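Just so it is clear, the model here is predicted, and its values are computed rather than measured.
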Amino acid sequence: MEFLHHLMATGRSTITDVLPIAGIIFGFQLLVLREKVPHLKQVLVGFVYVLIGLTLFLVGLEEALFPLGKLMAQQLTDPAFIRSTVHATSAVLQWDDYKWIYLFAAAIGFSTTIAEPSLIAVALKAQQVSGGAITVWGLRIAVAIGVAIGIALGTFRIVTGTPLHFYIITGYIIVMLQTTFAPRMIIALAYDSGGVTTSTVTVPLVAALGLGLASTIPGRSPLLDGFGLIAFASLFPIISVMGYAQIGEWRARRSMAQQQHRDQQNSD
């Protein structure tokens with residue numbers, strides 16, 4: 001019964017969240033454009049599917065994924081567990097004693113990004129408008145690699161206690177340099193890819209990891225050091241997506257140069 005009450009409460013909350021969106025869409029269609037909604041029956045059925053899907057998705061996250069991620073973050077950041085894995089002899093743990101934390105951060109960043117619904121939606125649209133030049137899985141994996149590297153580096157920052165702005169400033173300098181040389185068609189998509197990663201699946205788990213890590217490391221403040229991982233999750237996908245495009249462009253130029261070289265040899 002408790003689960004059913006939770007399901008119904010989540011359903012009501014989802015309806016409350018979706019109704020303004022539906023009101024804006026139908027309001028502009030009927031009052032501004034003054035045209036009937038095409039395929040009204042299909043649109044209404046689609047909204048019902050959205051409400052059901054979002055409700056089940058949110059309940060599944062709250063009942064399974066969030067508690068599991070929080071528990072693993074607490075266990076992996078427990079000093080007793082870390083000492084048992086590294087056999088530390090000194091009273092103070094060093095940054096390289098937290099290797100399991102870095103690995104877990106990278107793994108959770110990669111997996112949650114792959115499962116992020118907003119990224120899937122952007123990747124599908126990118127494939128459509130690019131005529132297949134940008135593939136769904138290529139973009140998703142490029143973004144996921146960026147998030148994995150970013151969150152792993154963010155946990156390293158928490159462990160070492162180094163200032164957050166050093167990493168962010170350096171990262172955006174790299175982004176500005178890449179923007180100068182990256183293919184133009186990928187720049188806007190890369191910037192959007194950094195935003196869509198910080199959504200329903202990624203944010204709660206990443207925040208739990210950062211707060212858990214800052215709470216267990218001596219000298220760290222959950223308020224000052226526990227936050228900031230989400231900034232890494234937004235920044236590094238921009239770098240990885242533009243890098244993905246730059247590598248693809250370099251490979252295409254190399255292949256073309258090799259083909260021209262072979263054609264010239266054949267003609268000689």
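A pairwise comparison of heavy atoms in Ile187 and Met242 identifies CG1-SD, 4.4 Å as the closest pair. Counting all heavy atoms, side chain and backbone alike, Thr155 lies closest to Ala152 at OG1-O, 2.6 Å. Here the shortest heavy-atom pairing between Asp17 and Pro20 reads O-CD, 3.4 Å. Of all non-hydrogen atoms in Ile158 and Gly226, the two that sit nearest each other are CD1-O, 4.4 Å. Across Gly138 and Tyr244, no two heavy atoms sit closer than the pair CA-OH, 3.7 Å. Closest approach of Arg220 to Gly161, counting heavy atoms only: NH2-N, 3.4 Å.
Within the model, atoms CG of Leu164 and CG of Leu229 stand 9.0 Å from one another, a figure rounded to the nearest 0.5 Å. Rounded to the nearest 0.5 angstrom, Ile230 CD1 and Leu235 CG are separated by 13.5 Å. Expressed to the nearest 0.5 Å, how far CG of Leu7 lies from NE2 of His5 amounts to 11.0 Å. In this structure, CD in Glu116 is found 11.0 Å from CD1 in Ile114, a value given to the nearest 0.5 Å. The structure places OG1 of Thr55 at 11.5 Å from CE of Met8, a figure rounded to the nearest 0.5 Å. Rounding to the nearest 0.5 angstrom, the gap separating the OH atom in Tyr167 from the CG atom in Leu153 is 5.5 Å.
Apart from Leu211 itself, the hydrophobic cluster it occupies contains Leu223, Phe227, where clustering links Ile, Leu, Val, Met, Phe, Trp and Tyr at side-chain heavy-atom distances under 4.5 Å.
Listed by chain and residue number, Gln178 satisfy the side-chain hydrogen bond (donor to acceptor under 3.5 Å, both in side chains) test with Gln246 (two or more places apart in sequence, or in another chain). Partners of Tyr172 under the side-chain hydrogen bond (donor to acceptor under 3.5 Å, both in side chains) rule, at least two apart in sequence or in another chain, do not exist in this structure. Partners of Val136 under the side-chain contact (heavy atoms from CB on, under 4.5 Å) rule, at least two apart in sequence or in another chain, are Ala123, Leu124, Gln127, Arg140. In terms of the side-chain hydrogen bond (donor to acceptor under 3.5 Å, both in side chains) criterion, Gln42 has no residue partners (sequence neighbours excluded).
Counting heavy atoms from C-beta on, the side chains of Tyr191 and Thr179 come closer than 4.5 Å. When side chains are defined from C-beta on, Val159 counts as touching Tyr102, because their heavy atoms get closer than 4.5 Å. Inter-residue side-chain proximity for Thr14 and Phe57 is flagged as unmet; no heavy-atom pair is nearer than 4.5 Å. Side-chain contact between Asp225 and Arg157: present, with at least one pair of heavy atoms (C-beta onward) separated by less than 4.5 Å. Using a 4.5 Å cut-off on side-chain heavy atoms (C-beta onward), Arg254 and Gln258 make contact. At least one side-chain heavy atom of Val122 sits less than 4.5 Å from a side-chain heavy atom of Leu189. Side-chain contact between Val48 and Leu44 is absent, with no heavy-atom pair separated by less than 4.5 Å.
Val196 and Leu54 are not part of a single hydrophobic cluster, where members link through side-chain heavy atoms under 4.5 Å apart. Residues Val43 and Val45 do not share a hydrophobic cluster, clusters being chains of Ile/Leu/Val/Met/Phe/Trp/Tyr side chains in contact below 4.5 Å. A chain of hydrophobic side-chain contacts below 4.5 Å, direct or via other Ile, Leu, Val, Met, Phe, Trp or Tyr residues, connects Phe26 to Val50. Linking ILVMFWY side-chain heavy atoms closer than 4.5 Å, directly or via other members, places Ile169 and Leu177 in a single hydrophobic cluster. Taking hydrophobic clusters as Ile, Leu, Val, Met, Phe, Trp and Tyr residues chained together by side-chain heavy-atom distances below 4.5 Å, Ile24 shares a cluster with Val32.
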Show your working on side chain to side chain contact (heavy atoms under 4.5 Å, CB included) between Glu249 and Arg253 and close with a plain yes or no. CA-CA 6 Å; Glu249 186 179 49; Arg253 289 178 178 175; 3.5 Å; yes

Under the criterion side chain to side chain contact (heavy atoms under 4.5 Å, CB included), I'd like the reasoning laid out for Ile25 against Val37: C-alpha separation, chi angles, the key distance, then a yes or no. CA-CA 10 Å; Ile25 293 174; Val37 178; over 6 Å; no

So Leu209 and Ile151, side chain to side chain contact (heavy atoms under 4.5 Å, CB included) or not? Walk me through it. CA-CA 10 Å; Leu209 175 62; Ile151 296 180; 4.2 Å; yes

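A donor-acceptor pair is defined here as one N or O able to donate and one able to accept, closer than 3.5 Å; such a pair exists between the side chain of Thr16 and the backbone of Arg12. Checked by atom type and distance alone, the side chain of Ser240 pairs as donor or acceptor with a backbone atom of Ala142 at under 3.5 Å. With hydrogens and angles ignored, the 3.5 Å screen pairs a side-chain donor or acceptor of Thr197 with a backbone N or O of Gly194. Between the side chain of Glu35 and the backbone N or O of Leu30, no donor-acceptor pair lies under 3.5 Å.
Checked against Pro237 for a side-chain contact (heavy atoms from CB on, under 4.5 Å), the options Asp192, Thr113, Leu139, Val143 give a single hit: Val143.
Annotation: ring-ring contact (aromatic ring centres under 6.0 Å, His included) contacts involving residues 137-158, sequence neighbours excluded, comprise Trp95-Phe156.
For His165, the NE2 atom is densely surrounded, since the number of other residues' heavy atoms within 6.0 Å is greater than 12. For Arg262, the CZ atom sits in a packed shell: over 12 heavy atoms of surrounding residues, nucleotides or ligands are nearer than 6.0 Å.
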